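The structure displayed is predicted, hence computed values, not measured ones. Naming convention: chains lettered A, B, ... in sequence-line order (proteins, then strands); numbering from 1 in each chain.
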Amino acid sequence: MTVRVRFAPSPTGELHIGSVRTILYNYLFAKQNAGALVLRIEDTDQARLDPRALPSIYDGLHWLGIGWDEGPREGGPYAPYVQSERLALYQRHAQQLVDQGDAYFCFCSKERLDQLRAQQQARKELTRYDRFCRRIDPATAAERAAREPHVVRLKVPDEGAVAIDDLVHGHVEWELATIEDQVLLKTDGFPTYHLAVVVDDHLMAVSHIIRGEEWLASVPKHILIYRAFGWPAPPMAHVPLVLGPDGKKLSKRHGATRVAEFREQGYLPEALVNYLALVGWAPGTEDEVFSLDDLVARWRIDQVQRAGGKWDVERLRWFGGVWIRRLPEDELARRLDPFLPPQWDRSVVRATIPVIRERIELLTQAKDLIAFLFGDVAPEAALLVAKKRTPEETRTAIARAMGSLSALGSLDHGAVKDALEKIAADLGWKQGDVNMAVRVAVTGTKVGPPLYESIELLGRERALSRLARAEEILRG
RNA sequence: GGCCCGGUCGCCUAGUGGUCUAGGGCGUCUCCCUUUCAAGGAGAAGGUCACGGGUUCGAAUCCCGUCCGGGCUACCA
């Protein structure tokens, strides 16, 4: 059997990190089964459309390296892939169910429904449709439907049960008595999610449904629709939710959730993919650093966790650092490019890579680390002087540094090291005290890349003038 | 409220009846390395496997109950 899976976002907002985890699992499943991945846009809720949604899906997934085979822009054998362009299809199928006697027209107003619900709540009854319109005889209903606003509802049997063998959760069963006569087609002629998803998954020959656990509760509705059409329901996997720190479904109020935000923050896509794959899945070994290709090879749907997993930025950041360190130097330089001012000399930037790659977890962190090479620095006197040293002593040390460095033939880091070590020895200072004074003088801050390399990168002229400036500052 | 799904260190997780005195990673702490910060190395703390009953010679693993959390309960997806 040909594997065909899909991801079916509703375009109500920008691409979300939780969606990506589910999309990723679909992608991995498709890849490892030599199957196809389909993007289908479920825009049946006209009120919530967001024009930014589609571009952000394309941008975000492209950035992450997750590709698919059929979709609204790429087309495919089952086009169109946007539900609002398939309305006739749903209407025809809804009509078929009405004709078969498996569905019926409902003319109840929003007001009546609200009232009904309120009454049921007051009586602490199950809140569900009372099947008022189910009693209208079909001929009359058809006549009224020609001129009155209406929806189409599914006739749910009074008794019996439906069940699935979920690929993640195993056997799950529902009593039909707990399920209401679901709306299939709305007054505006658009299908509800439930009708559209079943019709499309069947028509698009989707072989496996892999989606978030929030959909598990609607499975019985879908099974009933499959049954009414006489279609087999494909195997399903309801994967655990990505949760916020409070244990609820991850959402905007928990902080950054848009893929674009992580990109802007300087996370490597490799890190995001790696981290996300591990929320809800583990290989059963102690390996944990995986590229997308590694994941294709190793991920298995039967290893997917049942419980939801909390979003942990600390761990994501750690993966950020892991993947930055794994990047070849030239590649890291290339990735850094958009995060640095365009006027900074790229050959200088390239030279800093070896000393910054172990110090950053996000691409955005590089800028501050090497800024001293591209602009002036203004050291504060307080920072220049080590705890147990006086300003005067420090001034002397800096003066000596100036002397040594200007006497040096070449300013490579080895020579700088020897020079500064000699100063410390002569002065009887700890190396750290000498170096800290020089570091602050030359870079303006107490933390940064290794000093000797930093001075080499800076060059003699600028190093000396910055030392001179510091000396002046200390002189008061 | 109802239906459904979950529940292993703070977090992600390994574990599918004995090898578990419950393993790894993140985070935290200590030490080493060391010119700062990192990275790296070595360690430590941290879990009565939600709780209570069973079943069994033996249970994190099987069964039942309870509790807690979550999802759904729309003419939203």
Interatomic distance where [atom1] belongs to [X] and [atom2] belongs to [N] [whole Å]:
| X | N | atom1 | atom2 | answer |
| --- | --- | --- | --- | --- |
| A:Trp299 | B:rU13 | CH2 | P | 14 Å |
| A:Arg359 | B:rU35 | CZ | P | 13 Å |
| A:Phe319 | B:rG25 | CZ | P | 12 Å |
| A:Glu453 | B:rC37 | CD | C1' | 13 Å |
| A:Leu316 | B:rG25 | CG | P | 19 Å |

| message | Given A:Tyr275, which partner from the list A:Tyr267, A:Trp311, A:Trp318 fulfils the ring pair (Phe, Tyr, Trp, His ring centres under 6.0 Å) test? | response | A:Trp311
| Can you say whether the rings of A:Tyr193 and A:His222 are parallel (under 30°), tilted (30 to 60°) or perpendicular (over 60°)? | tilted
| task | Determine the interplanar angle of the A:Tyr25 and A:Trp299 rings, folded into 0 to 90°, and report it as parallel if under 30°, tilted if 30 to 60°, perpendicular if over 60°. | result | tilted
Can you give me every donor-acceptor pair (side chain of residues 154-162 of chain A, partner residue at least two apart or in another chain, under 3.5 Å) with its distance?
residue, atom, partner, partner atom, Å
A:Lys155, NZ, A:Gly101, O, 3.2
A:Asp158, OD1, A:Arg131, NH1, 2.5

| request: Give a yes-or-no answer on whether the side chains of A:Arg211 and A:His238 include a donor-acceptor pair shorter than 3.5 Å. | output: yes
What residues from [range] pass a heavy-atom cutoff of under 4.0 Å to RNA chain B?
| range | value |
| --- | --- |
| residues 144-159 of chain A | A:Val151, A:Arg153 |
| residues 301-315 of chain A | A:Gln305, A:Arg306, A:Ala307, A:Gly309, A:Lys310, A:Asp312, A:Glu314, A:Arg315 |
| residues 13-22 of chain A | none |

| message | Looking at every heavy atom in both A:Val242 and A:Gly18, which two are closest together, and how far apart are they? | response | CG2-CA, 4.3 Å
Classify [X] by what it touches in the nucleic acid, base, sugar-phosphate, or nothing, heavy-atom distance under 4.0 Å.
| X | value |
| --- | --- |
| A:Glu358 | base |
| A:Leu451 | base |
| A:Arg128 | nothing |
| A:Gly280 | sugar-phosphate |
| A:Gln121 | nothing |
| A:Tyr452 | base |
| A:Pro449 | base |

Can you find a side chain N or O atom of [X] that sits less than 4.0 Å from OP1 or OP2 on [N]?
| X | N | result |
| --- | --- | --- |
| A:Arg317 | B:rC11 | no |
| A:Arg325 | B:rA38 | no |
| A:His169 | B:rC4 | no |

| task | State the CG-CG distance between A:Leu195 and A:Leu184, to the nearest 0.5 angstrom. | result | 4.5 Å
| query | Looking at A:Phe107, is A:Arg144 sitting on its ring face, NZ or CZ under 6.0 Å from the six-membered ring centre and within 45 degrees of the normal? | reply | yes
| task | Answer yes or no for A:Arg153 and A:Tyr129: cation-pi contact, defined as NZ/CZ to six-membered ring centre under 6.0 Å and angle to ring axis within 45°. | result | yes
All N/O donor-acceptor pairs, side-chain side in residues 87-98 of chain A, below 3.5 Å, sequence neighbours left out:
residue, atom, partner, partner atom, Å
A:Tyr90, OH, A:Arg86, NE, 3.4
A:Tyr90, OH, A:Asp200, OD1, 3.2
A:Tyr90, OH, A:Asp200, OD2, 2.5
A:Gln91, NE2, A:Gly189, O, 2.9
A:His93, ND1, A:Leu89, O, 2.7
A:Gln95, NE2, A:Asp99, OD1, 2.8
A:Gln96, NE2, A:Gln100, OE1, 2.7

| said: With a 4.0 Å cut-off on N to O distance, would you call A:Asp418 and A:Lys422 a salt bridge? | reply: no
| said: Closest approach to the side chain of A:Val172, judged atom by atom: which nucleotide of B:rC5, B:rU35, B:rA77 is it? | reply: B:rC5
| said: Determine whether the aromatic ring centres of residues A:Phe290 and A:Trp323 are separated by less than 6.0 angstrom. | reply: no
| query | Mapping A:Arg439 and A:Tyr275 onto RNA chain B by nearest heavy atom, which one lands closer to the 5' end? | reply | A:Tyr275
Restricting to nitrogen or oxygen on both sides, can you table the protein-nucleotides 68-73 of chain B pairs closer than 3.5 Å?
residue, atom, partner, partner atom, Å
B:rG70, OP1, A:Lys248, NZ, 2.3
B:rG71, OP1, A:Lys249, N, 3.4
B:rG71, O2', A:Glu214, O, 3.4
B:rC72, OP1, A:Lys249, NZ, 3.1

